[in-house]
Amino acid sequence: MSTLHVEELDDRVVVTLRRPEARNAINAAMVGELHDVCAAVEREPRLLLITGDGGTFAAGADIGELRERGREQALQGINSRLFDRLARLPLPTVAAVDGYALGGGAELAYACDVRLASPAAVFGNPEPGLGILAAAGACWRLRELVGASVAKQVLLAGRRLDAGDALRFGLVAEVVPAEDLLQRAHSLLDRMTRSGALALRLTKLVADGHGHPLTDDLAQAILFESEEKRVRMDAFLGGSRS
Ligand code: COA
């Protein structure tokens, strides 16, 4: 892959955005390669960790490419469809954000289930400054993550959220020194792997749905019949707890 470094492990895939000449800006090649990663994770469900190389998460969509795009390309939802696909991956996704996560880079992080940040992390959506809107999820995902007031400060007033802001507003789970960021993200993924994989998968599906008691009951019905539930509960009742 030319824009990503991808490490495929048994229980997780680690993706590092790597376009040092453009602060990891998301171009068409990167979109294609991220789709390839999504396809691999859909085929063989694993956790996903996304980070950026060189002290930047991603400085947005590639502005050189954006400049040449017109209505047809906007309607194709080039980034929004990728981020929706990413958000719907079967198992949890984590973004480890060091440095700038701007524009589409921020939207990529918003599409993940959990975000961790280094003290240098900066989230922002400067799209209106370029005469466009943040159309790959920021207008609604950011609002879901931090509420309308903060989201509108970011979207309408160009406010950048530093790591402290991001922690205070709940956008990131934790701020850890850059040198510990990946290790902490892996520890978080380790914790996730200790859960039942099907339970994790169905919890994500139900939590991301629009909420209905019926879906909760149906998902629980599947889990109540699973061998894994019996094994895990027997282990608990037998005194062995993980
Ligand atoms: N698209 C294309 N190229 C980008 C880019 C983007 N989104 N962001 C950075 N680059 C390129 C710069 O053009 C520059 O290229 P050059 O060396 O050929 O001139 C290189 O990456 C380094 O960027 P530079 O601005 O010199 O780095 P910096 O450390 O001073 O600033 C940022 C970093 C992220 C603050 C700044 O690059 C920036 O504001 N980028 C655009 C952010 C943005 O508006 N994103 C929304 C896009 S929808």
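All residue numbers in this chain count up from 1 along the given sequence. Read the numbers this way: they start at 1 and go in the same order the structure lists the ligands and their atoms.
Ala29 and Ser2 get closest at one heavy-atom pair: CB-OG, 4.4 Å. When every heavy atom of Glu225 is checked against every heavy atom of Arg230, the shortest pair comes out as O-NH2, 3.3 Å.
With a 6.0 Å radius and a threshold of 12 heavy atoms from other residues, nucleotides or ligands, Lys229 has its NZ atom above the threshold.
Taking CG of Leu142 as the start and CG of Leu161 as the end, the distance is 7.0 Å to the nearest 0.5 Å.
With sequence neighbours left out, Ile132 forms a side-chain contact (heavy atoms from CB on, under 4.5 Å) with Leu66, Glu127, Leu130.
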Please tabulate protein-ligand N/O pairs under 3.5 Å for ligand 1, atom names and distances to 0.1 Å.
unit_1   : atom_1 : unit_2 : atom_2 : d
ligand 1 : 1 (N)  : Ile63  : N      : 2.9
ligand 1 : 7 (N)  : Ala59  : O      : 2.8
ligand 1 : 7 (N)  : Ala61  : O      : 2.9
ligand 1 : 21 (O) : Glu21  : O      : 3.4
ligand 1 : 27 (O) : Arg23  : NE     : 3.3
ligand 1 : 27 (O) : Arg23  : NH2    : 3.1
ligand 1 : 29 (O) : Arg23  : NE     : 3.2
ligand 1 : 29 (O) : Arg23  : NH2    : 3.0
ligand 1 : 45 (N) : Ala59  : O      : 3.1

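Between Leu200 and Met192, some side-chain heavy-atom pair lies under the 4.5 Å cut-off.
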